[in-house]
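Note sheet for the following structure.
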Amino acid sequence: MAEDTDPLWDVLLSLHVLQEGRDLIYGEWWRRTRQVKVPDIRLLLSLAPPQGYSPDFLTPGRGGAALEEQLDWLLSTPTQRLREELSYFNDKQPNSSSIRALLDGGAPMLDRLGNAITEYHRAGIAPYKRMLRPHLQAHRDRRLQGLADGGVDRLLGELHPDVVWEPPVLSVLDYVDHDVHLEGRGLVLLPSAFCRRHPITLRDTDLPPVLCFPVQPPVGWLPRVRADGTMEHEPVVALLGRTRAYVLEQVAGPMTTTELARRLGISLAMASRHTTVLRNAGLVDSRRDGNTIFHHITALGRALLNGRPFT
């Protein structure tokens with residue numbers, strides 16, 4: 001389990017969020033970041049389509065290393081690997097003038113990419129680290145406690161709703177047809193506040209294995225500030241109330257009533273009441289596993305949380 005998030009993984013994944021549009025969780029971050037002028041932002045966006053492959057050289061780290069060190073790794077990517085990954089990417093995302101410029105421009109274009117990443121990180125990632133760190137640390141602590149209580153089986157079995165652990169195979173549902181054989185190598189589990197749908201990994205199986213997985217921040221982690229200095233409530237918070245909106249966000253990963261109560265600082269009875277209301281509205285599904293009931297957001301609940309049409 002990585003000790004901290006990874007700056008370049010966060011850059012890549014937040015560029016996905018920036019292009020996918022505003023939703024309840026990232027709405028204020030999206031609004032603020034869209035207002036910042038970043039040089040060569042089109043180059044960054046062209047390398048980070050919200051769906052599909054992005055070159056592996058953009059994310060050389062596995063957590064812990066500072067941005068400056070990781071940029072050194074990125075800028076030191078061997079020419080042959082750089083061309084292979086960009087050529088493969090260009091096949092998947094044709095007609096990209098930015099990619100052709102990187103392929104033909106050599107070191108000067110790579111330096112421009114490094115500068116663009118630095119400026120974007122300064123505007124879109126660095127200002128929010130302090131607000132996101134407690135949430136990420138609490139999540140890491142819970143995972144490590146699960147490891148201590150139930151071993152690797154519990155750690156991997158509760159990693160994410162789209163992850164299935166059937167020893168010795170860890171599967172990510174609804175992901176690309178892509179197998180990574182560890183062959184004795186360790187797997188780094190890397191949390192990211194900007195990873196959204198499901199865990200992702202690198203395409204090149206020869207690179208050190210890493211699985212980046214979502215740890216979305218809670219609703220209201222970055223409230224919008226009006227011109228008069230007061231906080232503006234997001235629409236779903238206004239609809240459900242802050243506590244129920246927070247419950248709905250938390251059960252994006254299966255969670256028991258006890259865990260919800262502890263996370264929200266409310267009684268078990270109150271947590272149960274909130275999940276009952278949300279379940280009766282079709283926003284939450286509750287399922288029993290042995291003597292434990294797990295609550296999980298439904299497709300309708302996720303659509304409401306993200307402010308998007310339910311299909």
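Excluded from the calculations below are hydrogen atoms, water molecules and symmetry mates; all remaining heavy atoms, backbone and side chain alike, are included.
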### Query
Would you call E84 and R81 a salt bridge, taking side-chain N to carboxylate O under 4.0 Å as the test?
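No, E84 and R81 are not salt-bridged.
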
### Message
Between E20 and R196, does any side-chain N to carboxylate O distance fall below 4.0 Å?
### Response
yes

To the nearest 0.5 Å, what is the distance between [atom1] on [X] and [atom2] on [Y]?
{"X": "E259", "Y": "E158", "atom1": "CD", "atom2": "CD", "result": "7.0 Å"}
{"X": "R133", "Y": "R140", "atom1": "CZ", "atom2": "CZ", "result": "13.0 Å"}
{"X": "R287", "Y": "I293", "atom1": "CZ", "atom2": "CD1", "result": "13.0 Å"}
{"X": "L268", "Y": "T258", "atom1": "CG", "atom2": "OG1", "result": "5.0 Å"}
{"X": "I200", "Y": "T59", "atom1": "CD1", "atom2": "OG1", "result": "7.5 Å"}
{"X": "T205", "Y": "E183", "atom1": "OG1", "atom2": "CD", "result": "8.0 Å"}

Under 3.5 Å donor-acceptor, [X] side chain and [Y] backbone:
{"X": "D162", "Y": "V172", "result": "no"}
{"X": "E85", "Y": "D56", "result": "yes"}
{"X": "Q19", "Y": "A48", "result": "yes"}
{"X": "S286", "Y": "F294", "result": "no"}
{"X": "D40", "Y": "L43", "result": "no"}
{"X": "R185", "Y": "L207", "result": "yes"}

Ignoring hydrogens and geometry beyond distance, is a side-chain donor-acceptor pair present between [X] and [Y] at under 3.5 Å?
{"X": "S192", "Y": "D10", "answer": "yes"}
{"X": "Y26", "Y": "S14", "answer": "no"}
{"X": "T257", "Y": "H295", "answer": "yes"}
{"X": "Q145", "Y": "D141", "answer": "no"}

### Message
Quick one, T275 with V247, criterion side-chain contact (heavy atoms from CB on, under 4.5 Å). Give me CA distance, side-chain angles, the key distance, then yes/no.
### Response
CA-CA 8 Å; T275 55; V247 168; 4.2 Å; yes

Closest approach of [X] and [Y], non-hydrogen atoms and distance?
{"X": "L147", "Y": "V152", "result": "CD1-N, 3.6 Å"}
{"X": "L58", "Y": "L8", "result": "O-CB, 3.5 Å"}
{"X": "P217", "Y": "L132", "result": "CB-CD2, 3.7 Å"}

### Message
Once you measure the plane-to-plane angle for Y53 and Y88, does it fall in the parallel (<30°), tilted (30-60°) or perpendicular (>60°) bin?
### Response
perpendicular

### Message
Check the orientation of F194 and W29. Use parallel for under 30°, tilted for 30 to 60°, and perpendicular for over 60°.
### Response
tilted

Would a single hydrophobic cluster contain both [Y] and [X], if residues Ile, Leu, Val, Met, Phe, Trp and Tyr are joined by side-chain heavy-atom contacts under 4.5 Å?
{"X": "L71", "Y": "W73", "result": "no"}
{"X": "Y175", "Y": "L173", "result": "no"}
{"X": "L47", "Y": "L45", "result": "yes"}
{"X": "Y246", "Y": "V277", "result": "no"}
{"X": "L300", "Y": "L239", "result": "yes"}

Within a strict 4.5 Å, meaning less than it, do heavy atoms of the [X] and [Y] side chains meet?
{"X": "C212", "Y": "P199", "answer": "no"}
{"X": "E119", "Y": "V36", "answer": "no"}
{"X": "S46", "Y": "F89", "answer": "no"}
{"X": "V284", "Y": "L248", "answer": "yes"}
{"X": "I125", "Y": "P7", "answer": "no"}
{"X": "S54", "Y": "H16", "answer": "yes"}
{"X": "L102", "Y": "L82", "answer": "no"}
{"X": "R244", "Y": "L283", "answer": "no"}

### Query
So L189 and H160, side-chain contact (heavy atoms from CB on, under 4.5 Å) or not? Walk me through it.
CA-CA 11 Å; L189 302 175; H160 187 269; over 6 Å; no

#### Entry: F213 vs H139, ring pair (Phe, Tyr, Trp, His ring centres under 6.0 Å): CA-CA, chis, key distance, verdict
CA-CA 12 Å; F213 65 95; H139 183 276; 5.7 Å; yes

More than 12 foreign heavy atoms under 6.0 Å from [atom1] of [X]: is that the case here?
{"X": "R142", "atom1": "CZ", "value": "yes"}
{"X": "R112", "atom1": "CZ", "value": "no"}
{"X": "Q80", "atom1": "CD", "value": "no"}

### Query
Does the side-chain contact (heavy atoms from CB on, under 4.5 Å) test come out yes or no for I117 and L74, once each step is laid out?
CA-CA 11 Å; I117 290 173; L74 187 156; 3.8 Å; yes

### Query
Are L113 and F57 close enough, and set up right, to give a side-chain contact (heavy atoms from CB on, under 4.5 Å), and what steps lead you there?
CA-CA 12 Å; L113 175 62; F57 77 85; 3.9 Å; yes

